[in-house]
Amino acid sequence: MSIFSEVPQAPPVAVFKLTADFREDSHPQKVNLGVGAYRTDDSQPWVLPVVKKVERLIVEDSSLNHEYLPILGLPEFRSAASKVALGEDSAAIKDNRVGGVQALGGTGALRIGAEFLRRWYNGVNNTATPVYVSAPTWENHNAVFADAGFKDIRPYHYWDAAKRGLDLSGFLDDLEKAPEHSIFVLHACAHNPTGTDPSQDEWKKIAEIMKRRNLFVFFDSAYQGFASGSLEKDAWAIRFFVSEGFELLVAQSFSKNFGLYNERVGNLTVVARDNENLTRILSQMEKIVRTTWSNPPSQGARIVGKTLNCPELFAEWKDNVKTMADRVLLMRDQLKAKLQALGTPGTWDHITQQIGMFSFTGLNPKQVEFMIKEKHVYLMASGRINMCGLTTKNIDYVAQSIHEAVTKVQ
Amino acid sequence: TSLSHSRRVLNKGEILWKCCAISWWGGVQMGPPDPILGVTEAFKRDTNPKKMNLGVGAYRDDQGKPYVLNCVRKAEAVIAEKKLDKEYLPIGGLGEFAKACAQLALGADNEVLKSGRNITVQTISGTGSLRIGANFLSRFHGGPRDVYLPKPSWGNHTPIFRDAGMQLKAYRYYDPSTCGFDFKGALEDISKIPEQSVIVLHACAHNPTGVDPRPEQWKEISDLVKKRNLLVFFDMAYQGFASGDIDRDAWAVRHFIEQGHNIVLSQSFAKNMGLYGERVGGFTVVCKDAEEAKRVESQLKILIRPIYSNPPMNGARIATTILNTPELRAMWLEEVHGMANRIIKMREQLVAGLKKEGSSHNWQHVIDQIGMFCFTGLKPEQVERLTKEFSVYMTKDGRISMAGVSSGNVGYLAHGIHAVTK
């Protein structure tokens, strides 16, 4: 009798299953608009030229070895990563009240942050503190906070399906009604999956309520630079909140903007009231890290650290990032133009108004099923497409497929 | 004066506001420094040229330098040539790595592997593996919440299992009077462990004592554990590193499986491949059959995804290349043998040095113990003196990392130990 005989089969993680199904499909015109990784116009993964350059430098540096990093990670990576988020001239950094915890990707940063909040925020081990995530949000947010021990995870209004835009009044209303000290997970830019971000004015309104009602700010920043092509523009919301005096957490990912997906490079930036608080916070972060992975992997952090800390490499990186952002923007323009030219029913402005890797097309589950089964165009059941999956070679086929889905399937 | 003008008394309202506005984190306590890694911090601050770091268990060559294995360098060159992309790995990691990792532990022709009734996932080194395992047991193990650790065990075992929601208990293991294995005490304690509890066994090179059961003793432990119907959690962080022979070091794991225990197993490649900072490890569940393995796998993924989504590629690639390329594998086996041999030699030289210093104590245990660590038998006060007077850094329990000992400093160490124990 096995002790595991009662272990139920878990459902596969949807986004990975989609790619698995795509791989098995032999249709010559198949298109994968599922998982969020950048692709070139030849539908190929892209190792950034600056990354290749830095990897060679690392190989040639005989002083480097494979020793353990400190628990909180590579120091030059941590400080440079926080600086990228908060800005060169960040007053908070100058005040010595900003710290970083190197983590395994954005996911790892979120998890360490969530574990810390559960243990030390709003009392000690207060698992009842409500955690608000946007409706919809990245599907892993829920599990990250739940597995960290939070019992009360709730949606806040975000996506307005009818008008295909931000449900600002719903959002602000949820902020007003949320219990004091609730945690809100905010997408810093390029909201996943909708691609819809608040404007600067809208962010200001959000911040005003959050300050007044003592709500906790936890930014998820997975696309800095990747969204608009500008690091500063994509970090505006984070920097605004910091300038408004919030103590906050930022989970940063370098998976997309450095194309370092499988090296698991992330950073949890902590902005505290002062250095004394920061020191205590980081000491507790260490304890959490020690029982999760002991210390983080060095390869990716070295690449990012070296790049961010060297002016020439930093400039080259910004250029590489802009290349990616620009291609996505081009595909947005072209998709909208083609759908309009086809006379596809509905308005398609949201495709160019949305930003970042993803677009919430507005296709319903039946239409999505049609796209996958009949047209071999793979996208998420929510209607989310990864713009990076579009190329000049397949965009006509995809536009045509969307047109058929909308006109043939209700 | 202008100073007294600029200072004014805050009224109560202002004080309250300032207190509330000060920080969310006023109640966050200062965490204690990690005892093991804290030793290295203190070592770094010491300016004594003769200082020795015998704290954290990372291998050092005879010059006291970190050692990057040649097979690792060669594997890195091979990988660089391939110009691979950086796409996400699956949640369970690199498939070829998981396969090679399981083969290394179980032996390539193990029935478990042939029947596909194991699930092996790539993890964030040994710690990550233990944590995944602990989380999995916490969520799915129907038995008692209690995890039995040998006394003593690696310091991080306790908080890992605790954070996963398990409770910690212990069974006797180390006998301070002999600096050896308390076989009788272990059997007595194990015989009382409630059925279906989890028991953690160090596969080889017990950390921190270096004391391993002999094969005949392992056999008895296996029989007793079977009788008590306990769930065995093997922690194997030193395969190859203990005796120098990977099969010999995996003997206990393989024996238990052969005896019918469906174990869970954590493996680390930090020490035996010197891949510390790359975080390479594996977690294996030996299941009843392939169908169960599939179900268990699906649940492991559900656990892993909200921690770090998928594991890092670099180290797993290196390890896989080494394990699956015949010349590199042969090179690795030689190098790991070399590391183990240097440690064994240092043990012998330390004892010889102590005899030379005129120590009247019995230091045989230094040679009998195996692996990176040696439980010297030093008491906390003696450890403190060794650190203060000789700048020899080690953990308070008297544990030294033999890897930090070299032919250049073994004499000094013998001198210091003799000085605080005579």
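Each chain gets a letter, A, B and so on, in the order the sequences are listed, and its residues count up from 1.
Across B:Lys294, B:Arg305, B:Gln299, the residue that shares the most heavy-atom pairs under 4.5 angstrom with chain A is B:Arg305. Between chain B and the residues A:Lys287, A:Gln299, A:Arg290, A:Gln284, the largest count of heavy-atom pairs under 4.5 Å involves A:Arg290. Chain B forms the most heavy-atom pairs under 4.5 Å with one residue out of A:Ala103, A:Gly105, A:Pro296, and that residue is A:Pro296. Contact tally against chain A (heavy-atom pairs below 4.5 Å) for B:Phe161, B:Tyr276, B:Tyr308: the top residue is B:Tyr276. Note: B:Asn156 leads B:Leu303, B:Ile91, B:Asn156 in heavy-atom pairs under 4.5 Å with chain A. Most heavy-atom pairs under 4.5 Å with chain B: of the set A:Ile71, A:Asn65, A:Asn140, this distinction falls to A:Asn140. Heavy-atom pairs under 4.5 Å with chain B peak, among A:Gly108, A:Ala143, A:Ser294, at A:Ser294.
Contact annotation for B:Arg162: neither backbone nor side-chain heavy atoms come within less than 4.5 Å of a heavy atom of chain A. At a 4.5 Å heavy-atom cutoff, A:Glu276 makes no contact with chain B through either its backbone or its side chain. Contact annotation for A:Leu48: neither backbone nor side-chain heavy atoms come within less than 4.5 Å of a heavy atom of chain B. Of the atoms belonging to B:Ala270, it is side-chain heavy atoms, and not backbone ones, that fall under 4.5 Å from chain A. Looking at A:Val51, the atoms closer than 4.5 Å to chain B (heavy atoms on both sides) all sit in the side chain, from C-beta outward. Proximity to chain A is limited to the side chain of B:Arg279, based on heavy atoms less than 4.5 angstrom apart. Using a 4.5 Å cut-off between heavy atoms, B:Lys271 contacts chain A through its side chain alone, with no backbone atom that close. Proximity to chain B (any heavy atom under 4.5 Å) is restricted, for A:Ser255, to the side chain, taken from C-beta onward. There is no contact between A:Leu278 and chain B, counting heavy-atom distances below 4.5 Å. Heavy-atom distances place both the backbone and the side chain of B:Asp85 under 4.5 Å from chain A. Looking at A:Phe116, the atoms closer than 4.5 Å to chain B (heavy atoms on both sides) all sit in the side chain, from C-beta outward. Heavy atoms closer than 4.5 Å to chain A are found nowhere in B:Ser125, neither backbone nor side chain. With a threshold of 4.5 angstrom between heavy atoms, B:Pro90 does not approach chain A through any atom at all. Contact annotation for B:Val72: only side-chain heavy atoms (C-beta onward) come within less than 4.5 Å of a heavy atom of chain A. With a threshold of 4.5 angstrom between heavy atoms, A:Arg119 approaches chain B through side-chain atoms but not through N, CA, C or O.
A distance of 6.5 Å separates CG of B:Asn314 from CD of B:Glu76, quoted to the nearest 0.5 Å. Atom-to-atom distance recorded for A:Leu249:CG and A:Ile112:CD1 is 11.5 Å, nearest 0.5 angstrom.
Residues B:Ser138 and B:Arg145 bring a donor and an acceptor atom of their side chains to less than 3.5 Å of each other.
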Run the side chain to side chain donor-acceptor pair (under 3.5 Å) check on A:Asp42 and A:Thr40 step by step: do they pass? CA-CA 5 Å; A:Asp42 293 312; A:Thr40 62; 4.6 Å; no
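A salt bridge links B:Lys86 to A:Glu263: one of the charged nitrogens lies within less than 4.0 Å of a carboxylate oxygen. Ion pairing between B:Glu291 and B:Arg295 holds under the 4.0 Å rule for side-chain N and carboxylate O. The residues B:Arg317 and B:Glu96 are annotated as salt-bridged, a charged nitrogen and a carboxylate oxygen being separated by less than 4.0 angstrom. A salt bridge is absent between A:Arg302 and A:Glu55; no separation between the charged side-chain nitrogens and carboxylate oxygens falls under 4.0 Å.
Counting heavy atoms from C-beta outward, B:Val286 and B:Ile119 have side chains that stay 4.5 Å or more apart. Considering only heavy atoms from C-beta on, A:Arg118 stays 4.5 Å or farther from A:Asn126 through its side chain.
Between A:Tyr121 and A:Phe216, the ring centre distance stays below 6.0 Å.
Within a 6.0 Å sphere centred on CZ of B:Arg139, heavy atoms belonging to other residues, nucleotides or ligands number more than 12. The number of heavy-atom neighbours closer than 6.0 Å to NZ of B:Lys226, taken from other residues, nucleotides and ligands shown, is above 12.
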